Protein chains: 2
Amino acid sequence: MAPEAERLPLAGSRATRRRSAIIDALTNASTFHSARDLQKLASDAGHPMALSTVYRALQALSAANEVDVLHPSCGEALYRRCTLGHHHHLVCRQCGQATEIADEALEKWVERTANQHGFTEPHHTLEIFGTCQECAKFG
Amino acid sequence: MAPEAERLPLAGSRATRRRSAIIDALTNASTFHSARDLQKLASDAGHPMALSTVYRALQALSAANEVDVLHPSCGEALYRRCTLGHHHHLVCRQCGQATEIADEALEKWVERTANQHGFTEPHHTLEIFGTCQECAKFG
DNA sequence: GGTGCCATTGATAATCAATATCATTAAGAT
DNA sequence: ATCTTAATGATATTGATTATCAATGGCACC
Ligand SMILES: [Zn+2]
Ligand SMILES: [Zn+2]
Ligand SMILES: [Zn+2]
Ligand SMILES: [Zn+2]
């Protein structure tokens, strides 16, 4: 069982105003947001920046395992700051509210299934989309 | 428990040479292929066509639940003709060879997990990527 | 504080998959 | 054969993301 990857800051990377602004925006948000969303959030917080800068920050954070990326079947990628470790998401299809799901039994199932078919080094993606209680009430 | 969607041909759609060529290409392939791949496969089989036509055929087939679509984190969407019913995939990250996975226990787990968090109408996506035996041998 | 190196930034252009437009072609019913 | 209308292909367009590159600014060292 390989330990989770360390989350050291990338070698040679610098702490800048823009990057902290993006991290702040992500930290304050409980839902997934697009790069454009984050640009606006940062701007509203007094830190306007170019969209390319947002993308670059997200790229770095993603490489450092500081954010989770969701690739919906259509549209922009969505980003969220998550807790450490492997997990999946339960996402409200209306409001975007996301709950982290970590389940040992599921992980075992994945590994067992892959091995049964002779596949090694199984990686996987799993996302559950539903309607949350709030949105079911007022949706 | 809603029954699986019917797979009637779309109302007003016509059977054409190009569409059968795409269906043939998909049927002969055991792996996922991009729209460009399928254009080439159809062309090699003597049925050249514009890429837009390929996309339109795939759109129709996808809407009719005749093909499964994979959206890798980067790059083009991948298409594959699948058997009827809800299932997931075990995909070789090298050769693209895909195995269908249908597991009642997993489906139950998804529904239970969603319900536990107050989410209704849970949809989900799950793909497992690994290295198949053949590719593990020859790298 | 000042200096220098080099990562970062922003403006802009480029990519690339996928879709829209629209005149032309052809399926298939009568 | 004729007619209605879906399908097609050439082309332009969209939209997200990445590349380019000159100018800026962290920050390590003096
Ligand atoms: Zn909601
Ligand atoms: Zn997992
Ligand atoms: Zn393989
Ligand atoms: Zn399933």
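The basis for the numbers below is simple: all heavy atoms, side chains too, and nothing from hydrogens, waters or symmetry mates. None of the values given here were measured: they were computed from a predicted structure. Chain A is the first sequence line, chain B the second, and so forth, proteins listed ahead of strands; every chain is numbered from 1.
Taking side-chain N and O atoms only, B/R56 has no distance below 4.0 Å to OP1 or OP2 of C/dA20.
Of the candidates C/dA18, C/dG10, D/dT17, C/dA18 carries the atom nearest the B/E76 side chain, counting heavy atoms from C-beta on. Considering only the side chain of B/A15, C/dG28 comes nearest among C/dG28, D/dG9, C/dA18. Listed nucleotides C/dT12, C/dA26, C/dA18 differ in distance to B/R14; the shortest reach to its side chain belongs to C/dA26. You'll find that the side chain of A/Q59 is closest to D/dT18, out of D/dT18, C/dG10, D/dA7.
Residues A/H33 and A/E76 bring no donor and acceptor atom of their side chains to less than 3.5 Å of each other. A donor and an acceptor atom, one from each side chain of A/R93 and A/T131, are located under 3.5 Å apart.
The aromatic rings of B/H88 and B/H124 lie tilted to each other, with the angle between the two planes from 30° to 60°.
Between the C1' atom of C/dA11 and the CG atom of A/L51 lies a distance of 12 Å, rounded to the nearest Å. Taking atom CZ on A/R19 and atom C1' on C/dG10, their separation rounds to 14 Å, with Å as the unit. Across the protein-nucleic acid pair, A/D37 atom CG and D/dA16 atom C1' stand 14 Å apart, rounded to whole Å.
Applying the ring pair (Phe, Tyr, Trp, His ring centres under 6.0 Å) rule to pairs touching residues 34-83 of chain B yields nothing, sequence neighbours excluded.
No engagement by A/A35 is indicated, since no non-hydrogen atom pair under 4.0 Å with the nucleic acid exists.
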